[in-house]
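Report on one structure; see the data block that follows.
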Amino acid sequence: MRVRLGYVAIAMKLPNVTSSSQLTYTRYKKMVLEEERLNELKRVTRSNMEDLYKILLYNAKNNIHFYRITSKLVPLATHPEVTNWEYRTYFKQDLKRIGELVKKHGMRVDTHPDHFNVLNSIRKDVVEKTKKELLLHYYLFEDMKYPEGKMVIHIGSGQGGKREAIERFIKNFHTLHHEISSRLIIENDDKLFTAKEILGVCKEIKVPMVLDVHHHLCNSGDIPIEEIIPGFLETWNGQYFPPKIHISSPKEGGKDRKHADYIVANDFITFLEKCKPYGRNLDVMIEAKQKDLALYGLVRDIKSLRPNLKWIDETTIEI
DNA sequence: ACCTGTCAAGTCTGG
DNA sequence: CCAGACTTGACAGGT
């Protein structure tokens, strides 16, 4: 069983490099000239594209094979009042180059549309906005020429009770174009929808599940994780990439939903031992405040706790 | 150089 | 029914 480690969006080791630079609508509105607005949009986006490339190069150099691209790559891309922002026409080449780098190094990259994307909202305008945002993520992968790209979402709202909320989710899921729905993967959350509930939905609509171990700790519905693991793994049958896990450690211990700076290695090893009998490869996304530094810290701590474990490279465990 | 407030979004809770 | 909490990194403005 091969386990690859990844991290989210920011490379702490690269100072002054960020692919999430912003142009807020407030600042955009303050600019009077149309030309000035467009120039600023292009300047910020270009900077994000260049820095994303730097981050991916850095990942390749450090044998990091798994990475989440920021959802803030293109500022105001789906803003309802910014209708003439044809970002795709300006940045096709940049994204193609990014995609080529990803493929050259056999990396896996994902996205995670922000939490205000609620596919099952009771508000029609929210559902429409969400669809627009999912379309943006689909375009990113398209322009990268990266058909394997997936985007992680949650079920979303619990309005009307969980059953109704799940029904709304499934109904709206089926209104999506196949190009988009086939790229979605669904994650259990830390307050509302448990891993077992997500597994039920994923089985029903035949979508891979993302198992967030920390969320399960906070919101397990009294189901032991051992009962989730086999079903979760099965949702990835026939997929190009291995099953995907999210890990983080509670900041103040216990069931604290806040993410700590680093990962408690022992808890992670315990989890891996539970997966081991199934012999499936795994890709593990580290969601810690210290990002790539937390990844290096986890590698160091695993090596110290389990000195006999085999490593395929700096970030890939053979267990 | 550092600290604080603002921005942006949708949901949910408390009053 | 409405205000505030929640979340998160970037950025602006003040000291």
Side-chain angles (χ1 to χ4, degrees), chain A residues 7-31 36-37 40-41 43-52 54-55 67-82 85 111-137 151-162 164-166 168-169 172 187-194 197 212 214-215 218-219 246 248-252 255-261 285-294:
Chain A
Y7 71 98
V8 177
I10 299 165
M12 304 287 274
K13 277 249 182 126
L14 301 178
N16 303 317
V17 170
T18 174
S19 50
S20 307
S21 278
Q22 290 290 83
L23 176 55
T24 61
Y25 185 61
T26 306
R27 203 153 64 80
Y28 171 89
K29 253 193 315 192
K30 280 179 190 158
M31 292 181 273
E36 193 190 0
R37 291 174 164 186
E40 187 62 6
L41 280 170
R43 188 190 63 78
V44 172
T45 310
R46 189 171 301 115
S47 163
N48 286 345
M49 294 284 174
E50 283 167 7
D51 283 5
L52 174 58
K54 286 180 201 165
I55 293 167
Y67 174 72
R68 180 189 300 163
I69 295 174
T70 176
S71 51
K72 294 185 171 69
L73 191 66
V74 185
L76 303 178
T78 61
H79 197 284
E81 306 295 326
V82 185
W85 173 211
T111 68
H112 194 341
D114 288 302
H115 66 109
F116 43 79
N117 290 287
V118 184
L119 188 60
N120 76 339
S121 173
I122 53 168
R123 286 169 51 187
K124 213 174 172 182
D125 60 319
V126 173
V127 176
E128 288 313 305
K129 264 190 252 178
T130 300
K131 287 184 176 183
K132 212 174 157 188
E133 189 72 20
L134 294 180
L135 193 64
L136 163 86
H137 287 254
M151 36 209 189
V152 186
I153 57 163
H154 297 279
I155 296 287
S157 159
Q159 288 273 325
K162 284 193 194 179
E164 261 186 52
I166 286 173
R168 276 202 309 278
F169 180 90
N172 291 346
E187 179 190 351
N188 57 310
D189 68 74
D190 52 3
K191 279 206 284 211
L192 217 51
F193 294 100
T194 64
E197 288 159 345
D212 188 309
H214 181 194
H215 289 172
C218 302
N219 182 32
H246 288 177
S248 47
S249 295
K251 193 177 168 78
E252 308 291 345
K255 295 186 176 186
D256 189 358
R257 294 190 287 111
K258 289 203 178 82
H259 291 187
D261 285 350
M285 183 59 72
I286 292 165
E287 296 187 326
K289 292 271 183 194
Q290 292 299 317
K291 312 293 181 187
D292 54 324
L293 303 183

Ignoring the backbone of A/Ile10, work out which of C/dG9, B/dG10, B/dC12 is nearest its side chain. C/dG9
Under-4.0 Å side-chain N/O to phosphate OP1/OP2 contact, A/Gln159 with B/dC12: yes
Taking CG from A/Asp189 and P from B/dT11, how many angstroms apart are they, rounded to a whole number? 13 Å
Which part of the nucleic acid does A/Lys191 contact within heavy-atom distance under 4.0 Å: base, sugar-phosphate only, or nothing? nothing
Closest to the A/Thr18 side chain, choosing from C/dA10, B/dC12, B/dA9: C/dA10
How close or far is atom P of B/dG10 from atom CG of A/Asp114, stated in whole angstroms? 11 Å
Length of the line joining A/Asn120:CG and B/dT11:C1', which is rounded to integer Å: 11 Å
When you check the phosphate oxygens OP1 and OP2 of B/dC7, does a side-chain N or O of A/Arg27 lie under 4.0 Å from one of them? no
Length of the line joining A/Leu23:CG and C/dA12:P, which is rounded to integer Å: 10 Å
Strictly below 4.0 Å: does A/Ser20 bring a side-chain N or O up to OP1 or OP2 of C/dG9? no
Would you say that A/Thr194 contacts A/Asn219 through its side chain, given a criterion of any heavy-atom pair below 4.5 Å between the two side chains? yes
When we call it a touch if two heavy atoms are under 4.0 Å apart, what does A/Thr70 touch: a base, just sugar-phosphate, or nothing? nothing
Between C/dT8 atom C1' and A/Gln290 atom CD, what is the distance in whole Å? 14 Å
Side-chain N or O of A/Ser21 closer than 4.0 Å to phosphate OP1/OP2 of C/dC11: yes
Is the distance from OP1 or OP2 of B/dA8 to the nearest side-chain N or O of A/Thr26 less than 4.0 Å? yes
Select from A/Lys258 and A/Ser19 the residue whose nearest nucleotide in DNA chain C is closer to the 5' end of that strand. A/Lys258
Can a side chain N or O of A/Arg257 be found less than 4.0 Å away from OP1 or OP2 on C/dT7? yes
Spacing between A/Glu287 atom CD and C/dT8 atom P, to the nearest angstrom: 10 Å
Remember a base hit wins even if backbone is also touched, and classify A/Lys291 as base, sugar-phosphate or nothing at under 4.0 Å, heavy atoms. sugar-phosphate
Base, sugar-phosphate, or nothing: which does A/Lys72 touch, judged by heavy atoms less than 4.0 Å apart? nothing
Please give me the minimum heavy-atom distance between A/Lys129 and A/Asn117, naming the atom from each residue. O-OD1, 4.3 Å
Testing A/His214, A/His112, A/His246 one by one against A/Glu287 for a side chain to side chain donor-acceptor pair (under 3.5 Å), which residue passes? A/His246
Across the strands shown, which category fits A/Lys289 at heavy-atom distances under 4.0 angstrom: base, sugar-phosphate, nothing? sugar-phosphate
Can you tell which of A/Glu133, A/Lys131, A/Lys132 makes a side chain to side chain donor-acceptor pair (under 3.5 Å) with A/Thr78? A/Glu133
Nearest to the side chain of A/Thr24 - C/dA10, B/dC7, C/dT7? B/dC7
Compile the donor-acceptor pairs under 3.5 Å between side chains in residues 13-26 of chain A and protein atoms, sequence neighbours left out, one pair per line.
residue: A/Thr18; atom: OG1; partner: A/Ser20; partner atom: N; Å: 3.0
residue: A/Ser20; atom: OG; partner: A/Thr70; partner atom: OG1; Å: 2.9
residue: A/Thr24; atom: OG1; partner: A/Arg27; partner atom: N; Å: 3.3

A/Ile155 has an atom CD1; how far is it from atom P of B/dT11, in whole Å? 14 Å
Distance alone, cut at 3.5 Å: any donor-acceptor contact between the side chains of A/His215 and A/Glu187? yes
Can you tell me how far P of C/dA12 sits from OH of A/Tyr25, to the nearest Å? 18 Å
Using a 4.0 Å heavy-atom cut-off, does A/Leu192 contact any base of the nucleic acid, only the sugar-phosphate backbone, or nothing at all? sugar-phosphate
May I ask you to say what A/Gly156 touches in the nucleic acid, namely base, sugar-phosphate or nothing, with a heavy-atom cut-off under 4.0 Å? nothing
